[in-house]
Q: 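Before anything else, here's the structure in question.
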Amino acid sequence: MARLSNSMWDRYKYKVNGLVLILSCFFLYKNLFPQFPDAWSTKSIGSFEVTPMPYNLDSPYMHDGTYTKDFLLIFSQGEVADIRQAYFNIGAAPLSLTDMQDADAGILHGSQHGQEVHAIAPKVIQADHRAWLTIENWQGKLKTVSWAIPKNLHL
Amino acid sequence: MAKLSNRFWFKLHGLFSLPIWIIFCFVCLTGTISVISHELTWLTNPDSRASNPQQLAEKPKSQLVDIVQKAYPTASISTVMSFESYIANTVIFTDSDKPYAIAYVNQYTGEIQEVIQGLTFKSFMRSLHAWLFFPWQNGYSIGYYLVCFMAFVMLGALVSGLMIYKKFWRSYTQPKLRIHQGKKTFLADLHRLAGVWSMWFLILMSITGLWYLAQAIMWQNDIEIEAHAPVVEVSQLPYGVADTPVRPYSLADAVNIAEQKFPNFKSTYIMLPEHFRDTYKVYGEGDGIFYDQYSYGVTVNPWNGKVESERSPEKMNALQTLSHIANPLHYGNIGGLWTKIIWFIFGALLTGMSITGFLIWGGRTVKAAKDTDNQRSIFSKVPATHLVQQDGK
């Protein structure tokens with residue numbers, strides 16, 4: 001039997017789902033014109049000058065059993081080819097190279113034009129935490145530098 | 001068990017597909033276009049074509065990398081991909097003025113035909129189809145789940161449709177499409193006919209869709225289907241050397257190792273090391289026709305030439321097998337261009353079914369709504385006292 005109610009909702013409720021597709025247009029626009037948080041200050045570490053930038057202001061996420069936060073690191077000075085291995089972690093202190101080099105979590109990768117890193121992080125970033133970059137060069141020299149973490153990334 | 005009436009199945013059939021019919025139709029349409037996205041690029045962009053009038057042999061991928069590196073000395077090349085023989089290889093790189101660039105390199109002539117930055121048509125269509133561009137966060141995208149949910153819609157619509165049209169096999173032996181008996185009859189015949197003939201396709205799309213859903217749940221819960229390629233032990237890297245060492249094993253060596261390991265191996269996806277503990281990742285296709293173009297491969301240690309990990313259908317567990325056969329079955333690239341055309345035709349039929357289904361429903365409900373309006377307007381003209389008398393009869 002035909003439905004007797006003929007309200008606007010009854011007429012269009014099945015078509016309302018199409019509005020979801022408008023979100024696709026919005027997300028496509030965001031994809032084409034991404035907005036990133038501010039880059040942090042540029043710091044020197046050995047022969048390198050590095051500027052980190054978080055990809056977003058979200059809390060760390062679980063990836064391969066490790067809480068992780070993603071960053072882009074721009075090397076404005078120094079050749080990344082001179083790096084034997086480098087790691088980025090967030091915490092009260094830098095993790096020891098001996099621990100980090102057992103796996104690949106937190107290792108810097110990419111190119112001279114931009115190094116990316118899934119930084120090893122705690123589940124919750126707190127005020128006393130800093131971001132630590134540890135670089136080992138081919139001569140075996142180890143250098144570490146740290147950044148204070150902006151408040152907008154704290155709990 | 002009580003027998004369910006046709007009316008129930010009709011209602012269920014409508015409930016499965018009507019409430020989200022626009023999204024369903026959109027997902028079907030974008031999927032249909034995605035099937036031939038490479039070919040559409042080939043048609044619309046001459047620079048993407050791998051023309052080979054002189055019948056030259058295909059150049060090795062390592063040579064294509066060298067060609068791009070020579071043309072862009074400051075570039076850092078990350079990936080090389082190949083597709084059908086008529087489509088140019090793509091070499092992906094970054095440069096000081098290019099955060100992400102794709103070079104179309106003709107694999108026969110070695111000519112860099114175009115360098116593009118940003119989204120390609122193929123990536124656009126496949127991202128739109130697979131997750132509607134909804135953002136990814138913590139390993140999941142709501143859009144991806146939304147699209148996967150269509151597998152239930154399709155399966156539900158198929159089962160309920162078959163329960164309504166119980167003697168569906170007649171559509172194979174006596175196909176019926178009445179074109180001169182009004183729009184309603186034509187649409188209903190078309191909907192039924194397309195549904196029955198696309199049954200295999202609906203089942204295939206539903207099953208692969210359910211697999212994509214399972215995959216999404218595993219991604220979100222950090223359950224690895226395929227283990228990450230191992231990194232090089234730090235002890236294998238040179239230590240205490242004055243200059244940056246050169247990796248003793250080249251990309252050409254890594255491809256050669258893969259080719260020796262698998263008969264009829266053709267590399268389709270190569271990733272170069274992204275740091276000094278990284279490996280060459282050489283993936284490709286081999287003898288298994290139902291497997292995707294990444295089902296065979298090795299990761300090669302660039303410092304000692306050792307194979308760090310290996311991938312082939314023989315060594316896959318059930319989940320890995322599913323993950324490698326899902327895409328060819330879903331996108332129809334099992335047998336090259338011809339199977340893609342078949343998938344495109346049935347994708348178009350499926351898109352059409354979502355439209356004819358809506359038109360059938362729309363015809364019924366709009367007519368019913370008009371009838372109700374007419375009834376109301378007739379009653380509004382009848383004196384109230386008369387209505388009371390009528391009711392009192």
Side-chain angles (χ1 to χ4, degrees), chain A residues 1-6 10-11 13-21 23-32 56 58-66 68 72 79-86 97-98 100-104 107-116 136-141, chain B residues 18-26 74-78 93-96 98-99 118-119 124 127-128 132-135 137-139 143 146 222 224 228 230-231 233-234 237-245 273-278 358 361-362 364-369 371-373 375-376:
Chain A
M1 199 179 97
R3 191 181 54 239
L4 288 175
S5 167
N6 190 25
D10 282 319
R11 276 178 187 221
K13 66 181 175 188
Y14 292 143
K15 297 176 193 166
V16 167
N17 70 88
L19 294 174
V20 170
L21 299 178
L23 287 175
S24 295
C25 301
F26 170 71
F27 292 132
L28 172 63
Y29 173 81
K30 286 193 67 153
N31 207 318
L32 291 174
N56 56 48
D58 299 343
S59 308
Y61 66 96
M62 179 62 89
H63 177 64
D64 282 343
T66 309
T68 302
L72 174 74
E79 293 292 321
V80 294
D82 294 339
I83 297 172
R84 186 171 184 257
Q85 53 177 343
L97 186 66
T98 321
M100 288 191 288
Q101 68 189 13
D102 279 346
D104 61 348
I107 197 164
L108 265 62
H109 57 275
S111 71
Q112 182 65 40
H113 315 295
Q115 289 277 301
E116 288 185 287
E136 185 191 41
N137 67 12
W138 290 106
Q139 291 76 49
K141 282 187 182 154
Chain B
L18 282 171
I20 43 80
W21 88 273
I22 293 179
I23 297 181
F24 182 72
C25 181
F26 188 78
T74 56
S76 176
I77 296 162
S78 61
F93 64 96
T94 61
D95 207 342
S96 47
K98 294 178 185 67
L119 206 57
F124 169 79
S127 306
L128 188 59
L132 304 170
F133 279 114
F134 277 56
Q137 64 251 307
N138 303 350
L146 209 57
D222 221 24
E224 272 186 1
H228 280 241
V231 284
E233 292 285 331
V234 73
L237 263 58
Y239 185 78
V241 291
D243 295 318
T244 303
E274 288 189 299
H275 54 84
F276 283 104
R277 290 186 61 205
D278 203 3
F358 178 73
W361 167 83
R364 283 196 191 118
T365 46
V366 169
K367 188 176 175 297
D371 288 349
T372 312
D373 283 346
Q375 260 182 321
R376 278 182 184 152

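The chains referred to below are lettered A, B, ... by the order of the sequence lines, with proteins before strands, and numbering in each begins at 1.
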Q: Please rank B/Thr74, B/Thr94, B/Asp243, B/Leu119 by heavy-atom pairs under 4.5 Å with chain A and give me the top one.
A: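 Highest number of heavy-atom pairs under 4.5 Å: B/Thr94.
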Q: Report which part of A/Ile107 has an atom under 4.5 Å of a heavy atom belonging to chain B: side chain, backbone, both, or neither.
A: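 Side chain of A/Ile107 only, per the 4.5 Å heavy-atom cut-off to chain B.
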Q: In Å, rounded to the nearest 0.5 Å, how long is the span from CG of A/Leu108 to CD of B/Glu274?
A: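 Here the rounded value is 11.0 Å.
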Q: Taking A/Gln139 for the side chain and B/Ala242 for the main chain, is one N or O donor matched with an acceptor at less than 3.5 Å?
A: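 Answer holds: yes.
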Q: Less than 4.5 Å to any heavy atom of chain B: does that hold for the side chain of A/His113, its backbone, both, or neither?
A: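 The side chain, not the backbone.
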Q: Please report the interatomic distance CD(A/Gln85) to CG(B/Leu237), rounded to the nearest 0.5 Å.
A: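 If we round to the nearest 0.5 Å, A/Gln85:CD and B/Leu237:CG are 7.0 Å apart.
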Q: Tell me, for B/Phe358 versus chain A, whether the close heavy atoms (under 4.5 Å) come from the side chain, the backbone, both or neither.
A: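 Contact with chain A is through the side chain of B/Phe358 alone.
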Q: List the steps and the verdict of side chain to side chain contact (heavy atoms under 4.5 Å, CB included) for B/Ser76 and A/Gln112.
A: CA-CA 7 Å; B/Ser76 176; A/Gln112 182 65 40; over 6 Å; no
Q: Under 4.5 Å, counting heavy-atom pairs only, tell me which of B/Leu132, B/Val231, B/Asp222 racks up the most with chain A.
A: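 Greatest number of close heavy-atom pairs with chain A: B/Asp222.
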Q: Determine the option with the most heavy-atom pairs under 4.5 angstrom with chain B, choosing from A/Gly114, A/Gly18, A/Ala81, A/Ala86.
A: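 Looking at each of A/Gly114, A/Gly18, A/Ala81, A/Ala86 in turn, A/Ala81 comes out on top.
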Q: Which bit of A/Asp82 comes within less than 4.5 Å of chain B, counting heavy atoms only: side chain, backbone, both or neither?
A: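 Both parts, backbone and side chain.
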Q: Listed by chain and number, what are the side chain to side chain contact (heavy atoms under 4.5 Å, CB included) partners of A/Asn56, not counting sequence neighbours?
A: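 A/Asn56 satisfies side chain to side chain contact (heavy atoms under 4.5 Å, CB included) with A/Asp58, A/Lys69 only.
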Q: Under 3.5 Å, is there a donor-acceptor pair between the B/His228 and A/Asp64 side chains?
A: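 Judged by distance alone, the side chains do pair up.
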Q: Take B/Tyr239 and A/Glu136 through the side chain to side chain contact (heavy atoms under 4.5 Å, CB included) test and state the conclusion after the steps.
A: CA-CA 10 Å; B/Tyr239 185 78; A/Glu136 185 191 41; 3.4 Å; yes
Q: Does the B/Arg277 side chain pair with the main chain of A/Arg84, one donor and one acceptor, at a distance under 3.5 Å?
A: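 No; judged by distance alone, with no hydrogens or angles, the pair does not exist.
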Q: Please look at B/Thr244 and chain A and tell me whether the side chain, the backbone, both or neither of the residue comes under 4.5 angstrom of a heavy atom of that chain.
A: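 When you check distances to chain A, atoms from both the backbone and side chain of B/Thr244 fall under 4.5 Å.
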Q: Given the rule in the side chain to side chain contact (heavy atoms under 4.5 Å, CB included) test, do A/Leu28 and B/Phe124 qualify, once you have shown the distances and angles that lead to the verdict?
A: CA-CA 9 Å; A/Leu28 172 63; B/Phe124 169 79; 3.6 Å; yes
Q: Under a 4.5 Å heavy-atom cut-off, does chain B meet the side chain of A/Leu19, its backbone, both or neither?
A: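 Neither part; nothing is under 4.5 Å.
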Q: Once you round to the nearest 0.5 Å, how far does OG of A/Ser111 lie from CG of B/Asp95?
A: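 Result: 8.5 Å between the selected atoms.
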Q: Mind checking the CG-CD1 spacing from A/Asn17 to B/Ile23? Nearest 0.5 Å is all I need.
A: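 Result: 4.5 Å between the selected atoms.
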Q: By a 4.5 Å heavy-atom criterion (distance strictly below it), what part of B/Leu146 contacts chain A: side chain, backbone, both, or neither?
A: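 For B/Leu146, the contact with chain A is made by the side chain alone.
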Q: Start with the C-alpha gap between A/Phe26 and B/Phe133, add the side-chain angles, then the distance that decides, and say whether side chain to side chain contact (heavy atoms under 4.5 Å, CB included) holds.
A: CA-CA 9 Å; A/Phe26 170 71; B/Phe133 279 114; over 6 Å; no
